[in-house]
Enquirer: 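Please see the structure below; I have some questions.
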Amino acid sequence: PFALGREPGLGGPFSPIELSRLHVAALVAVAATAAGASGLARWRPAASVPGRLLGLAGVGGLAALGLLLVPGLTEGLEHARGYALKETAWIAGNTESQPIFQGGSAANAVFLFGGFAFLVPLCPLGPLARARAPALRAPALVLFAFTAVFGVLALSQSRYANDFAPAGSVALVLLLSESGRGLARLVPRSVWGGRALRALPALVGLLLLWPLVSSHRDRVPRALAAVRGEPADERAWRTPHATVHRFAKLVRAATPETRGYLDPEATPEYGVLSFAGVGHVFQRIARRPTPADNFGPYLKNSNLDVARDFYALTDEREAVALSERLGWRYVITAAAGLPRRGMLLHRLHWADGTRRFGAPRLEHFRLVTEGPPSGTSIGNLGKPRPTGDIPYKLFEVVPGALLQVPAEPGSSVSAELAIRTPTLRRFTYRATADADAEGIARLRVPYATDTEAPARPLAPYRVLAGEREWVLDLSDAQVRDGALIDLAAE
């Protein structure tokens, strides 16, 4: 009743990613198949297993055909197929979509399953061997089919390890038990070696369990401490998940509140661009809207591709125009990957918008805050954190104040501003330009000296033009409104 009566959600009325009519239709189809197969067995019982399977396939085919005739259901099935086969870049690039044995390494598989990871392909053999007992045949075959299907899925995508684990645990026990029985038949039970062989699978099981215990031994005390409400230790605060939560709190403190939190009818004043994979954190903890989030392409009106491509832009004007069109006022960057020449993400995060990596300075992005001072960005999940990296930074997109500086035609003019960040890091923003034929140099600068932003200047601007020097203060309003500052009138 809930699935049929609710309003269509993210993926429409037959969404494969949330409870919907698709799941109701699937259960009805299964019930129809079971009822049809039962009726067929009573009306015309088959004498052999192949005959029974053929009858079941026929009834199931009719039920599947009935599903395909339901309007709109095929679209949901297409989404499900694309999700399972990783046909979109979003799903294929997701960490959970990678095989449990990633890149030929067993580290992730052992973290999930311990040494039992190597037995996942053999799990279905346990219940299949137990199916020899007539009284257990039906449930054993069901367990065999379930573990065979989800074992393959778990090997191909880590996300399905959760679905495989409960039934897989039972299948693993049966596999070890049947292995013990098979070994015991090789040697008479009365012989001491027979007892040892029967115990061998249990010993193997304990050995395979140890890597799992070892990899999680540090997490268990921390989890129990969290349940008891005790403060987390320092290592817990440095994990990628804790780091992004801590930074989301910094973002909320450094940005103005927006209307409409949890109100689907309200439109917020601005958005905050973040990596889609941590969008939910900034929506929930920072309480700021993002153009894309963890729902990826399955979110209605998602700007996933635009948000992803923004970070790879090299033209600042294009980036500013895109920000204005889509309404995001702030941009979040992270320490992820290696710096690439000209790429906006790296020009912001590693150069703070200054001239570096062979690329010019940025005129419309100013650092607002950064941190936490110790932590790991989500982009370095599972990798050692490079020493000294700032995990996350928040930049504001501003028009920037335009300075008009009198100087000798063709001469170089500069404006410098020393800035200290919340992590006590310091850098200098330096703008340069040449005076035109009329003796005017124009420099656009994004930083204010009179500001409440956590990243603050240490002193006013120092503007140099030949032998002349100006000391200049700019307000937040002047930077945000694109004010014209004519130093010739000073």
Enquirer: Salt bridge (charged side-chain N to carboxylate O under 4.0 Å, His left out): which pairs involve residues 344-358, sequence neighbours left out?
Expert: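 Of all non-adjacent pairs touching residues 344-358, those that pass salt bridge (charged side-chain N to carboxylate O under 4.0 Å, His left out) are Asp352-Lys393, Asp352-Arg425.
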Enquirer: Listed by chain and number, what are the side-chain contact (heavy atoms from CB on, under 4.5 Å) partners of Ala37, not counting sequence neighbours?
Expert: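 Residues passing side-chain contact (heavy atoms from CB on, under 4.5 Å) with Ala37: Leu56.
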Enquirer: With sequence neighbours left out, write down each residue that passes salt bridge (charged side-chain N to carboxylate O under 4.0 Å, His left out) with Arg329, or none if nothing qualifies.
Expert: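 For Arg329, the residues satisfying salt bridge (charged side-chain N to carboxylate O under 4.0 Å, His left out) (neighbours in sequence not counted) are Glu396.
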Enquirer: Should Glu316 and Leu344 be marked as a side chain to side chain contact (heavy atoms under 4.5 Å, CB included) after you check the CA-CA gap, both sets of side-chain angles, and the distance that decides it?
Expert: CA-CA 8 Å; Glu316 184 182 14; Leu344 186 65; 5.6 Å; no
Enquirer: Please collect all side chain to side chain donor-acceptor pair (under 3.5 Å) contacts where either partner lies in residues 56-74, sequence neighbours excluded, each pair once.
Expert: none
Enquirer: Is there a donor in the side chain of Thr423 and an acceptor in the side chain of Glu370, or the other way round, less than 3.5 Å apart?
Expert: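 Yes, a side-chain donor-acceptor pair sits under 3.5 Å.
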Enquirer: Who are the side-chain contact (heavy atoms from CB on, under 4.5 Å) partners of His23, not counting sequence neighbours?
Expert: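 Listed in chain order: Leu19, Ser20.
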Enquirer: Could you tell me if the side chain of Leu22 sits less than 4.5 Å from the side chain of Leu73, heavy atoms only?
Expert: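 Leu73 vs Leu22: side chains touch.
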Enquirer: For a quick test of reading the model, state the closest non-hydrogen atom pair linking Arg366 to Val398 and the distance between them.
Expert: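 For Arg366 versus Val398, the nearest heavy atoms are NE-CG1, 4.0 Å.
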Enquirer: Kindly compute the distance separating OH (Tyr447) from CZ (Arg456), expressed to the nearest 0.5 Å.
Expert: 14.5 Å
Enquirer: Hey, can you tell me if Phe247 and Tyr392 have their rings parallel, tilted or perpendicular (30° and 60° cut-offs)?
Expert: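 Ring orientation of Phe247 relative to Tyr392: parallel.
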Enquirer: Going by the rule ring-ring contact (aromatic ring centres under 6.0 Å, His included), which residues pair with Phe116 if we only count those two or more places apart in sequence or in a different chain?
Expert: none
Enquirer: Between Leu362 and Pro446, which heavy-atom pair has the shortest distance, and what is it?
Expert: O-CG, 4.2 Å
Enquirer: Salt bridge between Glu18 and Arg6, side-chain N to carboxylate O under 4.0 Å?
Expert: yes
Enquirer: Apply side chain to side chain contact (heavy atoms under 4.5 Å, CB included) to the pair Phe164 and Leu153, showing each step before the final yes or no.
Expert: CA-CA 8 Å; Phe164 168 79; Leu153 288 173; over 6 Å; no
Enquirer: How far does CG of Asp389 sit from CH2 of Trp350, to the nearest 0.5 angstrom?
Expert: 6.0 Å
Enquirer: Can you name the closest pair of heavy atoms from Cys123 and Gly168 and give their distance?
Expert: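 Minimum heavy-atom contact is SG-O, 4.1 Å.
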Enquirer: State, with a plain yes or no, whether a side-chain heavy atom of Thr258 is found less than 4.5 Å away from one of Tyr270.
Expert: yes
Enquirer: Under 3.5 Å, side chain of Arg444 to main-chain N/O of Gly400, donor-acceptor pair present?
Expert: yes
Enquirer: Less than 4.5 Å apart, any side-chain heavy atom of Val368 and any of Pro454?
Expert: yes
Enquirer: Distance-only check: which donor-acceptor pairs under 3.5 Å involve side-chain atoms of residues 143-150, not counting sequence neighbours?
Expert:
{"residue": "Thr147", "atom": "OG1", "partner": "Leu143", "partner atom": "O", "Å": "2.8"}
{"residue": "Thr147", "atom": "OG1", "partner": "Phe144", "partner atom": "O", "Å": "3.2"}

Enquirer: At what distance, to the nearest 0.5 angstrom, does OG1 of Thr369 lie from CD1 of Ile390?
Expert: 10.0 Å
Enquirer: Mind listing the closest non-hydrogen atom pair of Ala448 and Pro457 along with its distance?
Expert: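 Heavy atoms only, the tightest pair is O-CG, 3.1 Å.
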Enquirer: One pair to check against side chain to side chain donor-acceptor pair (under 3.5 Å): Ser475 and Asp450. What are the steps and the verdict?
Expert: CA-CA 5 Å; Ser475 67; Asp450 181 12; 6.0 Å; no
Enquirer: Quick test of your reading of the model: are Asp293 and Arg284 salt-bridged, counting only N-O distances below 4.0 Å?
Expert: no
Enquirer: Give every residue pair that meets the side chain to side chain donor-acceptor pair (under 3.5 Å) criterion with at least one member in residues 26-38, sequence neighbours excluded.
Expert: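 Residue pairs passing side chain to side chain donor-acceptor pair (under 3.5 Å), neighbours aside: Ser38-Arg42.
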Enquirer: Is a donor on one side and an acceptor on the other found under 3.5 Å between the side chain of Arg361 and the backbone of Tyr429?
Expert: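 Here the side-chain-to-backbone pair does not exist.
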Enquirer: With rounding to the nearest 0.5 angstrom, report the CD1 to CG distance, Ile485 to Leu402.
Expert: 8.5 Å
Enquirer: Please lay out, stage by stage, how Val281 and His245 fare under the test side chain to side chain contact (heavy atoms under 4.5 Å, CB included).
Expert: CA-CA 7 Å; Val281 178; His245 275 73; 4.2 Å; yes
Enquirer: From Arg238 CZ over to Thr243 OG1, what is the distance, rounded to the nearest 0.5 angstrom?
Expert: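 Here the rounded value is 9.0 Å.
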Enquirer: Do Ile419 and Leu367 have side-chain heavy atoms sitting under 4.5 Å apart?
Expert: no
Enquirer: Assess the residue pair Leu394 and Thr255 against the criterion (side chain to side chain contact (heavy atoms under 4.5 Å, CB included)); give the C-alpha distance rounded to whole Å, side-chain angles, the decisive distance to 0.1 Å, and a yes or no.
Expert: CA-CA 10 Å; Leu394 176 70; Thr255 56; 3.7 Å; yes
Enquirer: By ring-ring contact (aromatic ring centres under 6.0 Å, His included), which residues pair with Phe282, not counting sequence neighbours?
Expert: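 With neighbours one apart ignored, the set is empty.
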Enquirer: Keeping the roles fixed (side chain from Ser158, backbone from Gln98), state whether a donor-acceptor pair exists under 3.5 Å.
Expert: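 Yes; judged by distance alone, with no hydrogens or angles, the pair exists.
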Enquirer: Looking at side-chain heavy atoms only, is the closest gap between Tyr160 and Val152 below 4.5 Å?
Expert: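 Heavy-atom side-chain distance check fails, nothing below 4.5 Å.
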Enquirer: Check whether the side chains of Gln283 and Thr290 place a donor and an acceptor atom closer than 3.5 Å, and report yes or no.
Expert: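 Yes.
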Enquirer: May I have all residue pairs that pass salt bridge (charged side-chain N to carboxylate O under 4.0 Å, His left out) and include part of residues 145-171, sequence neighbours excluded?
Expert: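 Pairs touching residues 145-171 that pass the test: Glu96-Arg159.
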Enquirer: To the nearest 0.5 Å, what is the distance between CG (Leu208) and CG (Leu172)?
Expert: 9.0 Å
Enquirer: State, yes or no, whether a side-chain contact exists between Arg252 and Ile285 at a heavy-atom distance under 4.5 Å.
Expert: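 Arg252 does not reach Ile285 side chain to side chain.
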Enquirer: With heavy-atom distances below 4.5 Å as the criterion, would you say the side chains of Ile100 and Leu155 are in contact?
Expert: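 Sidechains of Leu155 and Ile100: in contact.
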Enquirer: Do Phe395 and His349 have ring centres separated by under 6.0 Å?
Expert: no
Enquirer: Do Phe14 and Glu75 touch side chain to side chain, with heavy atoms closer than 4.5 Å?
Expert: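 Counting from C-beta outward, Phe14 and Glu75 never come under 4.5 Å.
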Enquirer: Shortest non-hydrogen contact from Asn294 to Gly277?
Expert: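 Taking every non-hydrogen atom into account, ND2-O, 2.6 Å.
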Enquirer: For Val28, what residues pass the side-chain contact (heavy atoms from CB on, under 4.5 Å) criterion, not counting sequence neighbours?
Expert: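 Per chain and number, Val28 pairs via side-chain contact (heavy atoms from CB on, under 4.5 Å) with Val24.
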Enquirer: Nearest heavy-atom pair of Asp476 and Glu452: which atoms, and what distance?
Expert: OD2-N, 3.9 Å
Enquirer: Compute the ring centroids of Phe101 and Phe118, then answer whether they are less than 6.0 Å apart.
Expert: yes
Enquirer: Are Phe275 and Tyr311 close enough that their ring centers fall under 6.0 Å?
Expert: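 Between Tyr311 and Phe275, which both carry aromatic rings, the centre distance is below 6.0 Å.
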Enquirer: Just to verify, what does Asp315 make a salt bridge (charged side-chain N to carboxylate O under 4.0 Å, His left out) with, not counting sequence neighbours?
Expert: Arg317
Enquirer: Between Asp473 and Thr449, does any side-chain donor sit less than 3.5 Å from a side-chain acceptor?
Expert: yes
